[in-house]
Number of protein chains: 2
Amino acid sequence: MSDEHEERVPLAHRVPDLGALELLLAVARHGSLGRAARAVGITQPAASSRIRSMERQLGVALVDRSPRGSRLTDAGALVTDWALRVVEAAEAFDAGAQALRGRRDSRLRVAASMTIAEYLLPGWLIALRAGRPGTAVSLLAGNSAVVAQRLLAGEADLGFVEGLSVPDGLDGAVIGHDRLLVVVAPSHPWARRRAPLTPAELAATQLILRERGSGTRQVLDSALSAHGGLAEPLLELASTTAVKAAVVSGAGPAVLSELAVTEELTARRLTSIPLDSVDLRRDLRAVWPTSHRPTGPARDLLTLTRGGSKPG
Amino acid sequence: MSDEHEERVPLAHRVPDLGALELLLAVARHGSLGRAARAVGITQPAASSRIRSMERQLGVALVDRSPRGSRLTDAGALVTDWALRVVEAAEAFDAGAQALRGRRDSRLRVAASMTIAEYLLPGWLIALRAGRPGTAVSLLAGNSAVVAQRLLAGEADLGFVEGLSVPDGLDGAVIGHDRLLVVVAPSHPWARRRAPLTPAELAATQLILRERGSGTRQVLDSALSAHGGLAEPLLELASTTAVKAAVVSGAGPAVLSELAVTEELTARRLTSIPLDSVDLRRDLRAVWPTSHRPTGPARDLLTLTRGGSKPG
DNA sequence: GTCGCTCATAAATCCAGCTTATGGGCCCAT
DNA sequence: ATGGGCCCATAAGCTGGATTTATGAGCGAC
C-alpha cells in the first residue's frame, strides 16, 4: 500500500529551474528582459531565450514584449506568484544550508530543536542576513538536553527549545507558541466527522510517528498518559518529511506541529481534526547560559525572533 | 527608492536543482541510492554523482552510505525537510501551470479571483489530482464580474470569488475566510509601534498597491472611504509578488491578503500591523450558476475546498 | 565460495545554455 | 527627418555539466 507514485515525467522536467524562475521574477520587477538579464548576471539574449523556452514549456505566454519593455501577461502574473513561492522556499533552503555548512569557524552558533530548526530558523536567518550581511551562522539540531549541553559547554551562543520548562543553568524567553495537531489526508474518514476527537480515541489509534526520542512524540505521550498512553505506532519514520509524506498518501493519522503543516493545511492536502479537552500547546523559547547574555549577532537574532525590529 | 540587492552569486548556483532535491527525497524514502535512482528514472551512477556533487555544494554529508543501503545523516534529515518545502512549492507551481495550459480542451474549467487562484487553487488541484488522476483542469483568473460572466456564459464550471455578496444568477457557498493585513518590513518604524494603526492614519499613508482594478484594492478603498479614502499610491505594481518584494525591501507599507503573506510573517520577513476599528475580513466563496449544480470533477473540487477546518 | 545486493570510478557522449555579433522596431531629441 | 537611445530576436560557435555504459570492490546470506 501507500507510496510508489510513479510519475512518468519527473517534476524537474515540468517546472522551470530556479534560475529561470529568478529571471522571471526579475523581469516582473524591472519591466524589461535586458534589465532583468543584467540583474541576474547573464546577457540579454540568454534571458530572451530562457523566457522563451519557459513559455514553450508551460504552453502559455508570460510576458508582453514591446519595443519599450516587457510586462507580465495575466497568466504571467499568476505564474510569477507561484514562482515566488518556489524561490522563497529555495532561499530558506539556502539559509539553512549555509548555517549547516559553517559548523567549524563561524561566528554565531545556534543550537535548536528539530521543529524550530526545520521550520523557523531558515526564515530568521534570511532576515538576519538582510540586517547583518556576512554573519556566518552555524546550526546544530537536537532535543532540549542536547541544546542545553551545547550552551553550557560554550559550544553554542544561542539556543531554541520547545517545551514546558527551561533547562537548569539557562535563562530563557518565550518567543512564540506552537500546537500539536492531529492531521489526516482529506480522504480519511476522520476528515468528515463533526464531533471533536476524544483523547481516549486518539490514544487508542495507531499513529504514524517520528522515531522514539523526538520532542513531539514525548509531548504527545505525556499528554495522553492519563488516557492510556499512546498505542503502538502504525509506522515509525526517521524524519518529519517522511511522516508527512505518509499521511498525505493516506497511510493514516499523525500528530505534528502546526508549524510543520500550515502549508499542507491551507492547500487542503491535509486536514486537521479538532481534539477535545487536551491542549497540546507548547511554548517556543530562546535560551542561553545564565552567565552569558546574548550579545552581537546572537542578540540580533533574539530580537528578530521576538517580532521586534533590529537595533541598527 | 528601490534598492538593488546585488547578489554576487545567484541563488540557482547555491541551491541544488529540483531534480537533485527530488532525488534526495527519493533516497530518504527508499533507503538506497540505486532504488532512488530508478524511482526518478536515472541510473545508479548518475544518482551517486548527483548526491555527491550536492554534498560538495552544501559542504555537508547528507547520506551515510553502506554496502546495505544509504540512510540520511542528521544534517541530511534537516536538508531533506527543507528540500521538501521547495519540491512542494514546485508541485503547486506545476499544478497551476497545468491548469493554465489546458485552456482549450479541458474537462473542468475553473474561474477564480486572483488571490484564490494564486494561493489556494494550486494546492487544491494537487489534492484533486490525487483523487482523480487525469482530470484536465483549466483556470481563468479575474475579478468577481469576470468570474460571474464566465459561469453564466457556460464557459466555466465552477467559480471562486472573494467578497461580500454572491453575484446575481449564481449560487454559492462560503468555503473560508480571508483578511487584509497591513504589512511592513521589520525595519520599518511601524514595526516598533505598540498602538494599533487608526484608519485615518492608514488612509493618509502612501501605500504600495496593486494596479487599479484589483479586488484587494477595491475592498480597501471602500473600507477607508469613511476616513478620506486612499491616499495617492507610493507605487503601483502589476502583481502581488512585486508588491511583496517591494515591501520586503523596505520601500513602504502595503495591504495584502493574509493568504499572500503567511509565509513571510512566520519567517519574520514581514510584520503585520494591527488596524483599529476597521475589519477587513471577507468571505471566500465557491459559486456556480443557479441552474447548473456542480457535478463530476467540479463537485469533487467543491467538496475538497470545504473539507478542512481553517483557523482565523 | 558464490550470488545478491550495495556504492564508486572511469571514459565517452550528448545536450543545454551561454556569449558574441548582428539586425530590426519604436521613441525622442535635435 | 535623422541619429542615438532604448527595446527585443536571431544566428553561430563554444563550453561544461550531466548522462550513459562498463567495470570493480565491499559486505552479507546461503
Side-chain angles (χ1 to χ4, degrees), chain A residues 7-58 60-73 76 83 238, chain B residues 2 4 7-58 60-73 76 83 238:
Chain A
E7 309 207 12
R8 216 81 216 70
V9 178
L11 190 60
H13 292 174
R14 288 176 298 167
V15 177
D17 62 87
L18 280 172
L21 299 182
E22 278 193 288
L23 176 61
L24 180 62
L25 293 176
V27 171
R29 207 166 34 246
H30 292 104
S32 134
L33 293 191
R35 286 182 178 285
R38 258 173 285 136
V40 304
I42 61 178
T43 59
Q44 173 267 320
S48 179
S49 146
R50 241 181 138 150
I51 294 283
R52 179 171 292 288
S53 57
M54 207 164 150
E55 289 176 318
R56 211 163 358 98
Q57 183 179 22
L58 301 180
V60 173
L62 298 176
V63 301
D64 262 340
R65 290 146 244 246
S66 90
R68 298 206 314 285
S70 295
R71 273 185 63 74
L72 295 177
T73 62
Chain B
S2 61
E4 214 65 15
E7 308 207 12
R8 214 79 222 73
V9 178
L11 189 60
H13 292 174
R14 287 176 299 166
V15 177
D17 62 86
L18 279 173
L21 299 183
E22 276 192 290
L23 176 61
L24 180 63
L25 293 175
V27 171
R29 205 164 36 245
H30 293 103
S32 135
L33 293 191
R35 284 183 177 285
R38 256 172 287 138
V40 305
I42 61 178
T43 59
Q44 173 266 321
S48 179
S49 144
R50 239 167 128 88
I51 294 284
R52 178 172 293 288
S53 59
M54 206 166 153
E55 289 177 319
R56 211 166 355 99
Q57 183 179 24
L58 301 180
V60 172
L62 298 176
V63 300
D64 260 341
R65 289 146 242 243
S66 89
R68 298 206 314 285
S70 297
R71 271 187 65 73
L72 295 177
T73 61

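Everything numeric in this text was worked out from a predicted model, so none of it was measured. Lettering of chains follows the sequences in order, A, B, ..., and the numbering in each one begins at 1.
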For Gly69(A) and for Gln44(B), find the nucleotide of DNA chain D with the closest heavy atom, then tell me which residue's nucleotide is more 5'.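 Looking at DNA chain D, the more 5' nearest nucleotide goes with Gly69(A).
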[N] [atom2] sits how many Å from [X] [atom1], rounded?
X        : N       : atom1 : atom2 : value
Arg35(A) : dG5(D)  : CZ    : P     : 15 Å
Met54(A) : dA16(C) : CE    : C1'   : 16 Å
Arg52(B) : dG17(D) : CZ    : P     : 17 Å
Ile51(B) : dT19(D) : CD1   : P     : 11 Å
Leu23(A) : dG17(C) : CG    : C1'   : 13 Å
Asp64(B) : dA8(C)  : CG    : P     : 11 Å
His13(A) : dC15(C) : NE2   : P     : 13 Å
Leu33(B) : dC5(C)  : CG    : C1'   : 13 Å

State whether the number of non-hydrogen atoms from other residues, nucleotides or ligands found under 6.0 Å of Arg65(B) atom CZ is greater than 12.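 Counting other residues, nucleotides and ligands, CZ of Arg65(B) exceeds 12 neighbours.
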Whether Ser48(B) contacts dC7(C) is assessed here as follows: a side-chain N or O lying under 4.0 Å from the phosphate OP1 or OP2. Is that the case?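 Answer no for this pair, as no side-chain N or O of Ser48(B) is under 4.0 Å from OP1 or OP2.
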Establish, with yes or no, whether the OP1 or OP2 oxygen of dA18(D) is under 4.0 angstrom from a side-chain nitrogen or oxygen of Arg50(B).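 For dA18(D), OP1/OP2 do not have a side-chain N/O of Arg50(B) under 4.0 Å.
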What nucleic acid atoms does [X] come within less than 4.0 Å of, heavy atoms only: base, sugar-phosphate, or nothing?
X        : value
Ser32(B) : sugar-phosphate
Ser66(B) : sugar-phosphate
Ser70(A) : sugar-phosphate

For the side chain of [X], starting at C-beta, report the closest nucleotide among [options].
X        : options                  : answer
Ile42(A) : dG25(C), dT19(C), dA8(C) : dT19(C)
Arg68(A) : dC27(C), dC8(D), dA10(C) : dC27(C)
Pro67(B) : dC27(D), dT9(C), dC8(D)  : dC27(D)
Thr43(A) : dT6(C), dC7(D), dT20(C)  : dT20(C)
Asp17(A) : dC7(D), dG17(C), dA9(D)  : dG17(C)

Could you check whether any side-chain N or O of [X] sits under 3.5 Å from a backbone N or O of [Y], counting only pairs where one atom can act as donor and the other as acceptor?
X        : Y        : value
Glu22(A) : Val40(A) : no
Thr73(A) : Leu62(A) : yes
Ser53(A) : Ser49(A) : yes

Pair Glu55(A), Val63(A) - check side-chain contact (heavy atoms from CB on, under 4.5 Å), show working. CA-CA 9 Å; Glu55(A) 289 176 318; Val63(A) 301; 4.1 Å; yes
